[in-house]
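Below you'll find the structure, written out as structure tokens, and then a few comments.
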Amino acid sequence: MPTRVNRTPHPCRMLALLAGLVLGGLAMPSPGAEAQLVLFNGRILTVDPRDTIVQALAIRDGKIIAVGTDRDILRLTGAATKRVDLRGRTATPGLVDSHAHIADGGVEDLYHVHLSDVSTVEQAVRRVQAGLAALKPGAWLQGDGWDEGKLAERRYISASDLDRVSPDNPVWLMHTTGHYGVANSAALRLARIGANTPNPTAGTIDRDAKGTPTGVLKEAAMDAVLALVPPPTQEEQRTGILKSIDTLHREGITAVKDPSIAQPVWDAYVSLLNEGKLAEHICVLWYAGSTLASAQAALKAISAQPRPPQSLGDGRLLSCGVKIYMDGSGGARTAWLFEDWNKNSTDRDTGNAGYPSTDPEVYRRMVRLFHQAGIHIGTHAVGDRAIDWVVDTYAQVLADSPTPGLRHSIIHANIPSDHAIQVMSMLEGKYDAGFPEAQAPFMWWLGDTYAANFGPERSHRLLPLNTYLKHGIHWGGGSDYSVTPVAARYGLWASVERETLKGTYGAHPFGTAEAVDIHAALRSYTIWGARQLFLEQRIGSLEIGKDADIAVWDRDMYEIPSPELKNLKCELTILHGEVVYDAARP
Ligand SMILES: [Zn+2]
């Protein structure tokens with residue numbers, strides 16, 4: 001991928017740029033400083049504070065130097081200027097995903113068995129059987145992406161399903177949420193999980209009526225198997241990241257927050273950066289574990305890196321902060337709730353209100369440790385009880401040491417209570433913290449499983465985007481890839497439509513009262529997301545002085561009927577003024 005080093009503009013040009021600002025967005029170039037690239041004859045949704053739409057913009061040294069009418073912008077061209085005629089097409093800022101596991105997801109995509117599109121247990125078993133053909137006896141088979149909500153049988157895959165085709169090779173199939181999975185009997189044996197194995201703290205070994213493990217392991221119960229599964233090699237890790245970046249470019253996404261990484265992934269990112277191959281803005285959160293000791297170790301790793309918004313490679317790689325898990329998943333019914341989970345929509349999962357995945361008091365001490373060190377914290381919290389605990393913790397540490405601007409976030413924030421929404425609103429206004437990083441595509445991709453588990457009443461409180469708007473709460477949009485597909489168009493669509501994939505419990509079990517319009521949805525995938533990556537000064541809107549990160553689309557997302565948002569096609573992606581994807585030259 002082409003890369004370039006951006007220079008600070010010459011002082012004369014800075015004056016010209018300032019003059020341009022005063023003149024309403026048009027900058028006159030000083031001699032010899034004409035645009036290197038212009039986009040014209042388009043509808044450019046700038047996502048500036050007034051949501052201005054312009055015809056054209058000009059780029060120099062990877063930055064936007066002017067926005068305005070075709071006439072104004074074409075005056076900035078010279079003999080060497082490259083011109084892109086948009087032919088009426090729409091451009092937006094490069095999209096921002098505030099939560100996507102692109103390093104892990106790329107490895108899964110390239111090296112694991114894919115199960116996200118299987119619609120029966122039998123089909124999943126046959127995929128495993130096919131995958132085994134390439135493996136040596138005894139080698140692990142890894143697969144990802146299954147979801148019982150998409151299976152005709154509407155049940156978990158079990159060890160006995162897998163044993164039929166793989167009696168000897170250990171098999172581990174991760175659920176699409178990443179919070180549970182299924183092992184075959186060979187894998188359970190290696191992990192020493194049997195009928196007499198107790199559930200670990202913050203984990204569940206799923207069992208049949210006789211108490212025999214079914215193979216499904218949730219949360220911390222997965223650890224015994226995950227410790228045995230071979231990790232990707234450094235080369236696989238690097239190749240996986242490059243695969244993901246290519247996919248992002250095809251979808252107009254130019255910035256991503258990759259949460260929950262460890263040293264090998266950081267090293268892979270740095271090595272790609274050093275080779276000039278990291279054609280993306282990437283901000284990472286280091287996994288902080290669930291103990292004070294693991295938190296100290298994460299703090300040490302972070303302390304060796306520059307603090308955001310400082311970066312490596314001119315905004316390409318940022319060590320943004322840490323990730324802590326407060327609870328589990330809405331898929332596994334392990335997220336921490338005030339009231340018991342449902343099953344099959346209206347049945348009660350009696351006695352199961354989920355659980356915290358980090359001891360709540362330990363969590364509070366971990367947050368204090370990072371906050372006092374000035375480190376950004378993203379906490380995974382899905383259930384209402386977990387979210388309350390997280391926002392109350394943030395409020396407490398901020399009241400004690402009111403450092404603004406750390407942007408502590410609530411990752412997922414699936415069903416916040418009214419109290420949590422009040423606290424988020426206060427935290428954003430007072431401390432520039434407490435931001436939800438919400439994944440609208442959960443309602444679609446996980447929607448049928450979610451509707452079954454949250455039940456009819458709670459479902460209406462899922463991802464209350466409209467209530468956020470009313471309370472002045474800004475959120476970062478995201479996919480949680482590979483939990484859902486990475487394309488942001490799905491999230492833009494889901495923010496507006498709130499529809500499930502299969503409609504098992506009706507098309508709109510989450511209601512439509514919390515839907516927002518495309519303008520708010522696009523903000524969550526651009527300027528609001530950029531803030532959560534500490535990059536709002538340079539990306540997220542198309543304004544003078546910002547990075548020229550741009551996506552060109554086949555249709556105008558402000559004008560098309562909202563059901564079509566999902567099918568938008570990205571035709572051109574520009575990063576720092578360089579074309580990184582062109583659909584005409586795939
Ligand atoms: Zn995640």
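When a ligand or atom number is given, it counts from 1 through the structure's own listing order. What you see below is based on every heavy atom in this structure, not just the backbone, and it leaves out hydrogens, waters and symmetry mates.
Ring-plane geometry between H380 and Y325 is classed as tilted, the angle between the planes lying from 30 to 60 degrees on a 0 to 90 degree scale.
Cation-pi check for R498 over W444 is not met; the charged atom does not lie both under 6.0 angstrom from the ring centroid and within 45 degrees of its normal. Y287 does not carry K323 over the face of its six-membered ring by the limits of under 6.0 Å from the centre and within 45° of the normal.
Among the heteroatoms counted here (N, O or S) of D480, OD1 is the one nearest to the Zn ion (ligand 1).
Metal site remark for the Zn ion (ligand 1): H99 contributes an N, O or S atom at a distance under 2.8 Å. Not one N, O or S atom of H412 sits under 2.8 Å from the Zn ion (ligand 1).
With R407 as the partner, the side-chain hydrogen bond (donor to acceptor under 3.5 Å, both in side chains) test is satisfied by one option alone out of E536, E428, Q532: E536.
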